[in-house]
Participant: 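Got a structure for you, questions after.
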Amino acid sequence: MKQNLRLGTVAGIRIGVHWSVLVIMALLVQVLALTVVPMAAPRLPGVVPWLLGVAGAVVFLLSLLAHELAHALVARSFGMRVEQVTLWLLGGVAELGQEPPSARADLLTAGVGPAVSALLGAGFGGLAAGLGALHAPAGVVAVCAWLAGINLLVAAFNLLPGAPLDGGRVLRAALWHWRGDRYRAAATAATVGRAIGLGLIFLGLSQVLITRSLAGLWLTVVGWFLISAAAAEAATDRYRALLGQAPVSAAMHTRFACAGPHASVAEAVAGIDMSPGNRFIALRTPEGRPAGLARLADLARVPESARAGTPVSRVAAPLATVPVVEASRPLADVAHLVARAGTALVVDHEQLVGVLDANDIACAAARRDPRAGLPDGPH
């Protein structure tokens, strides 16, 4: 998932937020300021409930971050690559660059997130009880009690036994251990995840129709997300089964257009085939390292009169936004990165050696199974 705002790193893991987190923040602040706090302390001055609402919403987002970081840190302890942790509209996601090496690793990585949320819920519950006994301000106690309840709800919801929820990964790990077949276990978890998503959509629409309340739309959105994510996981697992341990180098393009980052647009496109099939120019430093990726469509939009004086790096996507993968890395492990970004640069000991796009992965899969379709494009 794209990070619109980078917050920094924790233990070397990139932390960021998607713009949609603003939506959930606004909703949480409103619930706390207009409902939770006034019910406990109706006579607070006008601005105080809103300050407590903001504080409660921020602490809850930090709780979600702790949940996802727990996944990431346990995954890394088992040797799995962790790409980043992102907070967004429906919570958070820890993006792992590879699959668990064993059912035990899968179980512990999945289970630690709900465990952390449950511990946080118990901790906030104890804090609320303690503050209440000390006759602390009722609004503060109410926010702590709300944090206890919402964290316990997060733990319970995530334990529903369907992918992509943590409970679905627990189910996958248990079936993997029992059957010895990770891919069959993943397919079962994805099927259960789709069923749970359909159930949530049904409940949400029923709530809208019966109670005339739009609150049911939230369940519908969550259900739709579960169905979409479960289908995406099933497709990814099928690609993993097809591609096995084939390396990136087996599918990448080794003949590709290149230019220096300080070259002008005119120099970059000189002699380049501008046909629709040739869509990119990779930027490479004099030392041979990747420096970015320029799309020919973007270069073509630069007026001819300005091309000689416009550096290609000004038009290109900066390296920070382009996936850079090792040639020896398993192709299946980078499929999700390429599907999201469209194209990745391939390096060998930091030297740019190839370009990989979604069609390359689809062709590699088709060589193993002619029925394999194209992977999803960037979102």
Side-chain angles (χ1 to χ4, degrees), residues 1-4 6 18-19 83-84 235 239 243 246-327 329 331-367 372-379:
M1 180 172 291
K2 182 180 179 181
Q3 293 185 345
N4 297 109
R6 294 276 176 85
H18 186 260
W19 67 265
E83 304 289 352
Q84 60 187 20
Y239 263 83
L243 296 172
V248 168
S249 58
M252 69 183 186
H253 286 298
T254 55
R255 298 181 64 183
F256 54 92
C258 261
H262 302 298
S264 67
V265 171
E267 292 169 334
V269 300
I272 296 296
D273 179 10
M274 299 289 280
S275 65
N278 194 6
R279 299 180 296 144
F280 305 102
I281 296 178
L283 304 189
R284 181 164 54 189
T285 68
E287 297 78 25
R289 295 185 177 89
L293 191 70
R295 291 170 173 79
L296 293 188
D298 294 333
L299 298 180
R301 282 193 284 269
V302 178
E304 287 194 28
S305 59
R307 291 180 182 179
T310 303
V312 68
S313 57
R314 185 181 301 172
V315 186
L319 189 61
T321 65
V322 181
V324 178
V325 300
E326 288 285 342
R329 190 171 171 185
L331 190 57
D333 286 351
V334 305
H336 70 289
L337 295 175
V338 177
R340 184 172 65 218
T343 306
L345 299 174
V346 185
V347 297
D348 183 13
H349 296 94
E350 299 186 353
Q351 299 295 297
L352 181 64
V353 295
V355 175
L356 181 73
D357 63 24
N359 286 334
D360 297 327
I361 297 176
C363 290
R367 285 195 291 269
L374 290 174
D376 290 337
H379 299 289

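Note that the structure is predicted; figures quoted are calculated from it, not measured. Along the sequence shown, the residues carry numbers beginning at 1.
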Participant: What salt bridge (charged side-chain N to carboxylate O under 4.0 Å, His left out) pairs are there with at least one residue in residues 284-293, not counting sequence neighbours?
Facilitator: R289-E350

Participant: Answer whether the closest heavy-atom distance between the side chains of V355 and V346 falls below 4.5 Å.
Facilitator: no

Participant: Assess the residue pair I361 and L243 against the criterion (side-chain contact (heavy atoms from CB on, under 4.5 Å)); give the C-alpha distance rounded to whole Å, side-chain angles, the decisive distance to 0.1 Å, and a yes or no.
Facilitator: CA-CA 9 Å; I361 297 176; L243 296 172; 4.0 Å; yes

Participant: Which pair of heavy atoms, one from R307 and one from S264, lies closest together, and at what distance?
Facilitator: O-CB, 3.6 Å

Participant: Roughly how far, to the nearest 0.5 Å, is CZ of F280 from CG of D298?
Facilitator: 9.5 Å

Participant: Could you pull out the closest heavy-atom pair between V338 and A358, with the gap in Å?
Facilitator: CG1-N, 3.4 Å

Participant: Just how far is it from atom CZ of R301 to atom CZ of R295, taken to the nearest 0.5 Å?
Facilitator: 10.0 Å

Participant: Can you give me the closest heavy-atom contact between V312 and A268, atom names plus distance?
Facilitator: CG2-CB, 4.0 Å

Participant: With sequence neighbours left out, what residues match D348 under side chain to side chain donor-acceptor pair (under 3.5 Å)?
Facilitator: none

Participant: Among residues at least two apart in sequence or on other chains, which ones pass side chain to side chain donor-acceptor pair (under 3.5 Å) with R314?
Facilitator: none

Participant: Got a second to check how far L352's CG is from F256's CZ, nearest 0.5 Å?
Facilitator: 4.0 Å

Participant: Tell me every residue that passes side chain to side chain donor-acceptor pair (under 3.5 Å) with E326, counting only those two or more places apart in sequence or in another chain.
Facilitator: none

Participant: For residues 315-323, run the donor-acceptor check on the side chains, cut-off 3.5 Å, and write out each pair with its distance to 0.1 Å, sequence neighbours left out.
Facilitator:
| unit_1 | atom_1 | unit_2 | atom_2 | d |
| --- | --- | --- | --- | --- |
| T321 | OG1 | P318 | O | 2.8 |

Participant: If you take all heavy atoms of P290 and V324, which pair is closest and at what distance?
Facilitator: CG-CG1, 4.3 Å

Participant: Which side-chain hydrogen bond (donor to acceptor under 3.5 Å, both in side chains) pairs, counting each pair once, include a residue from residues 248-261, with sequence neighbours left out?
Facilitator: H253-D360

Participant: Measuring from T343:OG1 to L356:CG, what's the distance to the nearest 0.5 Å?
Facilitator: 8.5 Å

Participant: List the atom of C258, the atom of I281, and the distance in Å for their closest heavy-atom pair.
Facilitator: C-CG2, 3.8 Å

Participant: Taking all heavy atoms of A291 and all of T285, pick out the closest pair and write down the distance.
Facilitator: CB-CG2, 3.9 Å

